[in-house]
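Some notes on the structure that comes next.
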Amino acid sequence: MPIEMDESRFAELVDDVFDDIPQQVIDELDNVVFVIENRPADGSLDLLGEYDGLALTERDDYGMVDLPDRIVLYRESLLDIVDDEQSLVEQVHITLMHEIAHYFGIDEEKLHELGWG
């Protein structure tokens, strides 16, 4: 049974999880915003998060005039797959790390090999 959590509490939980990400990872992020949306544009609950941007491995000239890359977490999708708050914390952490890895150019296959798929 999915859990229910309002947008404000979910944002607090995400902030707490974000604070647990190693500082050396955070220090390497440049021009990235983190966004929480209720669902993906198609309305499904299939996608937990996504990286919207150009991975570091694909950039040539990239600077401050470029729009920031986005890492999006989908609140309703994440809530739909967990049974309790601790499971939600774990899944938010996995999803954040997964999307941050895409920023660094790590593809889906490698993420699955590393256990972050």
Side-chain angles (χ1 to χ4, degrees):
M1 185 79 176
I3 65 171
E4 293 185 24
M5 183 177 290
D6 68 28
E7 293 174 11
S8 176
R9 173 66 188 120
F10 186 84
E12 289 173 16
L13 183 139
V14 170
D15 283 345
D16 291 343
V17 172
F18 189 82
D19 288 343
D20 289 337
I21 294 174
Q23 190 61 45
Q24 67 256 27
V25 172
I26 301 301
D27 290 345
E28 295 299 318
L29 297 174
D30 182 38
N31 205 22
V32 178
V33 296
F34 291 82
V35 179
I36 298 170
E37 295 181 2
N38 285 325
R39 288 182 182 226
D42 67 4
S44 74
L45 294 175
D46 298 333
L47 192 60
L48 304 178
E50 71 179 308
Y51 170 66
D52 178 22
L54 190 60
L56 288 181
T57 55
E58 299 175 11
R59 294 180 186 184
D60 290 325
D61 290 331
Y62 184 84
M64 295 305 288
V65 296
D66 294 305
L67 290 174
D69 293 353
R70 296 178 348 130
I71 292 178
V72 182
L73 295 178
Y74 295 111
R75 183 179 68 86
E76 292 177 9
S77 299
L78 286 157
L79 291 172
D80 189 59
I81 65 164
V82 298
D83 296 325
D84 56 44
E85 194 167 306
Q86 182 56 41
S87 297
L88 178 61
V89 167
E90 292 167 5
Q91 191 58 61
V92 166
H93 179 75
I94 290 168
T95 304
L96 277 173
M97 293 303 293
H98 180 104
E99 302 310 333
I100 289 170
H102 284 317
Y103 167 85
F104 289 112
I106 301 172
D107 64 18
E108 291 292 331
E109 183 178 331
K110 186 64 175 177
L111 282 168
H112 283 283
E113 289 174 21
L114 296 171
W116 293 102

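Atoms considered below: every heavy atom in the structure, side chains included; atoms not considered: hydrogens, waters and symmetry mates.
When hydrophobic clusters are built by joining Ile, Leu, Val, Met, Phe, Trp and Tyr residues whose side-chain heavy atoms come closer than 4.5 Å, directly or via intermediates, Phe104 is not grouped with Val33. A single hydrophobic cluster is not seen to contain both Val72 and Val14; linkage of ILVMFWY side chains at heavy-atom distances under 4.5 Å, directly or through other members, places them apart. Note: the hydrophobic cluster containing Ile94 does not contain Val35 (ILVMFWY, side chain heavy atoms under 4.5 Å, direct or indirect links).
The side-chain heavy atoms of Phe18 and Leu73, taken from C-beta on, include no pair separated by under 4.5 Å. Annotation: side chain of Ile100 is in contact with side chain of Phe34 (closest heavy-atom distance under 4.5 Å). Inter-residue side-chain proximity for Tyr103 and Leu56 is flagged as met; some heavy-atom pair is nearer than 4.5 Å.
A search for side chain to side chain donor-acceptor pair (under 3.5 Å) contacts involving Glu58 returns nothing, not counting sequence neighbours. Checked against side chain to side chain contact (heavy atoms under 4.5 Å, CB included), Glu85 has the following partners two or more places apart in sequence or in another chain: Met5, Arg9, Leu13. Partners of Glu90 under the side chain to side chain donor-acceptor pair (under 3.5 Å) rule, at least two apart in sequence or in another chain, are Gln86. Partners of Glu4 under the side chain to side chain donor-acceptor pair (under 3.5 Å) rule, at least two apart in sequence or in another chain, do not exist in this structure. Residues that satisfy the side chain to side chain donor-acceptor pair (under 3.5 Å) test with Asp19, not counting sequence neighbours, are absent from this structure.
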Below 3.5 Å, can you tabulate the donor-acceptor pairs from side chains in residues 39-55 to any protein atom, sequence neighbours excluded?
| from | atom 1 | to | atom 2 | distance (Å) |
| --- | --- | --- | --- | --- |
| Arg39 | NE | Glu76 | OE1 | 2.4 |
| Arg39 | NH1 | Gly43 | O | 2.6 |
| Arg39 | NH2 | Glu76 | OE1 | 3.4 |
| Asp42 | OD1 | Ser44 | N | 2.9 |
| Asp42 | OD1 | Ser44 | OG | 2.8 |
| Asp42 | OD2 | Ser44 | OG | 3.4 |
| Ser44 | OG | Asp46 | N | 3.4 |
| Glu50 | OE2 | Tyr74 | OH | 2.3 |
| Tyr51 | OH | Leu54 | N | 3.3 |
| Tyr51 | OH | Leu54 | O | 3.0 |
| Tyr51 | OH | Arg59 | NH2 | 3.4 |
| Tyr51 | OH | Asp69 | OD2 | 2.5 |
| Asp52 | OD2 | Arg70 | NE | 3.4 |

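In this structure, CG in Leu78 is found 11.0 Å from CG in Asn38, a value given to the nearest 0.5 Å. The line from CE of Met97 to CD1 of Ile71 is 10.0 Å long, rounded to the nearest 0.5 Å.
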side-chain hydrogen bond (donor to acceptor under 3.5 Å, both in side chains) between Asp84 and Ser87, intermediate numbers included: CA-CA 5 Å; Asp84 56 44; Ser87 297; 2.9 Å; yes

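When each of Leu96, Ile81, Val17, Leu79 is paired with Gln91, the side chain to side chain contact (heavy atoms under 4.5 Å, CB included) condition holds for Ile81 and for no other.
Counting heavy atoms of neighbouring residues, nucleotides and ligands inside a 6.0 Å radius, atom CD of Glu109 does not exceed 12 of them.
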